[in-house]
Amino acid sequence: MSELITAELVDLDLSAATKDAAARSLAERMVAAHRVTDLDGFLADVAAREAQMPTGLDGGIGIPHCRSEHVSAPTLAFGRSAAGIDFGAADGPADLIFLIAAPAGADDDHLTILSGLARRLMDPEFTAALRAGTDRAAVAALIRGEEPTAQAETAATEAEAGAETSDAAESAPFRIVAVTSCPTGIAHTYMAAESLAAAGRAEGVEVTVETQGSAGFKKLDPSVVAAADAVIWAHDVEVREKARFRGKPLVDVGVKAGINRPAELIAEARRKAERGETVAVSEADGSTDSGDGDGSGADHAHFGVRLRTYLMSGVSYMVPFVAAGGLLIALSFAIGGYEIASAKSVADHFVWGEADSWAALLNQIGSAAFAFLVPVLAGYIAYGMADRPALVPGFVGGAIALTVNAGFLGGLVAGLLAGAVVMAVQRVPVHATLRGIMPVLVIPLIASTVVGFLMFIVVGKPIASLQSALTDWLNGLSGSNAVILGVVLGLMMCFDMGGPLNKVAYAFAVGGLADPTDGSLKVMAAVMAAGMVPPLALALATTVRKKLFTKTERENGRAAWVLGASFITEGAIPFAAADPLRVIPSVMAGGAVTGALSMAFGATLRAPHGGVFVVPLIGEPFLYLLAIAAGTLVATALVVLLKGARRAAPDRAGEAGATGSEDSRVTVTA
């Protein structure tokens, strides 16, 4: 790994107690080496990647990583912790910490080199040498690959012996082709590949892996795919060019399953092959439909799961437009008042020294971003169903939804229609000479025509009437009706903390911002307020009753203050994962209280995000903060009460056991 790591980027006595502190300590070495230009900006990118999925791996390894515009050159820093640091791995803290920094425009060669480290981490001899090293320069050289490990030599010898054995074998080995990918495409992608390959060698199975990472991907040889007995997808982003794997038994899982339990995946692939299960994939990389088996992957799950996945695809692409446009519009109102929405175009009238001109500029930029909400929602719902060929009819259908005043609901329907039409067209057999132009010409043309007809002539007007009725209902909300809606939204926001129900409630709220009314602004306020409660409640609970929480949870609690204040509900996930039966009901109760009070107080919000940082843009800000405080206190009290009761139970069990009472058996079981 030439030039990626030097002795100055190695810390053999890393004293940090948390993953954030460890990342900062190693990042400071990168700054000193002039590899990172903005420490805080880079750490924010690292934290954003960590929020997607924990980077702890079994075997005592933490591998935080990201691509960032604040990185000047691909860099690797290494730290060794005697006490261990929690990076979210199932088997406990990590003592080997690798911080990987890649520039936003990193070239393929450097990312390929970084992937080499990910593969070598699967080698126990390599990790043992890292734990035993005493000289920083020697450890840096080892990581760069200048000292091959004995395990690598042994593996090469075994590979040669295995080839000879294979030649002499009476029958060919079981063959698996696999695809691995992760959101960043730097580490987990390649670690899953190496883990599957190693498990295959141990099981006597021939495993060939295609890594679809940030460095691009080299497609598996078609002959290898054709000869394969089964397929494994270990991925957290969409597998590219799925149609190659049509007709094969498929195991479809997340990338961390490929790292942590490769032998189980290989065994499952064998079982599916023995049962003759196959998977059907559309010609143009579309969705995957179940064959004879009951595949567990999302692509061939039951209809309800698939529908949720399609909708979330559209929402996830829409949210950045909502955030950027909504905050710009909210800022314009803060500077120039609500009447700024009717200002003249800044292209015709703009005065550099006037605050109103700047407010009008922000408003018009934000309005331009908002104009994309429904088309983007529809386009990417369709994309989630049928991939790239569905983008054009999806966007066209979304634009028509705006034209006929069908709004957010029209965008949902247009996206689903576009995806369904494209999937239907893809199933029509065509001559080989037409296949090349199908995705770029024929499918968009036919699907756009059909979707346009349906939206203009058939379903557009009824949906517009329904959208108008929903708007009138929201505007008419008052008293108990508003409070009940606030309770429901609060429960949804806090149940899965960033999961599907949370996203549905949030999508419902931001959809109303496309055509804001008093009712839709109240809904947005209630949703954001309730979403702030879980992390704030756990932060407060770890402060007032520290003994009920582990050291790691207390560290997470300190971070949760900021996450909660910023409306990042996911800040409570570590607590919910550790103790779901006590934490989730508690925060749901708090969220319901906050949602109800926010609606009852008539608080409004034009910004789709921002937490306490957009309080000046909130209608009834004092009462709004009071609603958040009340819900936080309710959730905190319940968490403390339930966790305190759990802690008291073992104490009573011990006393009962000492006296030999019959109740001791019941208490211990509980």
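The first residue of the sequence shown is numbered 1, and numbering continues consecutively from there.
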Quiz prompt | Counterpart residues, side-chain contact (heavy atoms from CB on, under 4.5 Å), relative to A596 (two or more places apart) | solution = V483, V487
Practice problem: Measure the spacing between CG of L633 and CG of L536 and express it to the nearest 0.5 Å. | Solution: 10.5 Å
Cut-off 3.5 Å, no hydrogens considered: what does the side-chain donor-acceptor table look like for residues 360-384, sequence neighbours left out?
from: N363; atom 1: ND2; to: S332; atom 2: OG; distance (Å): 3.1
from: Q364; atom 1: OE1; to: V346; atom 2: N; distance (Å): 3.0
from: Q364; atom 1: NE2; to: K344; atom 2: O; distance (Å): 2.9
from: S367; atom 1: OG; to: N363; atom 2: O; distance (Å): 2.8

Quiz item: Considering residues at least two apart in sequence or located in another chain, which fulfil the side chain to side chain donor-acceptor pair (under 3.5 Å) criterion with R554?
Solution: none
Quiz item: Would you say T569's side chain and G531's backbone share a donor-acceptor pair under 3.5 angstrom?
Solution: yes
Self-check item: Between CD1 on residue I618 and CG on residue L623, distance to nearest 0.5 Å
Solution: 11.5 Å
Practice problem: Applying side-chain contact (heavy atoms from CB on, under 4.5 Å), name anything that partners E28, two or more places apart in sequence or on another chain. | Solution: R24, L39
Quiz item: So, E50 and T55: side-chain donor and acceptor under 3.5 Å apart, yes or no?
Solution: yes
Quiz item: Could you give the distance from CD1 (I340) to CG (D356), rounded to the nearest 0.5 Å?
Solution: 4.5 Å
Self-check item: Residue list, side chain to side chain donor-acceptor pair (under 3.5 Å) with D95, at least two apart or on another chain
Solution: R131
Quiz prompt | G602 to K522 - nearest heavy-atom pair and separation | solution = CA-CE, 4.1 Å
Quiz item: Hey, is the main chain of S68 close enough, under 3.5 Å, to the side chain of H70 for a donor-acceptor pair?
Solution: no
Quiz item: Got W561 and L540 here, is their nearest side-chain heavy-atom distance under 4.5 Å?
Solution: yes
Quiz item: Partners of D11 by side chain to side chain donor-acceptor pair (under 3.5 Å), sequence neighbours excluded?
Solution: none
Quiz item: Can you check whether L642 reaches S586 side chain to side chain, under 4.5 Å on heavy atoms?
Solution: yes
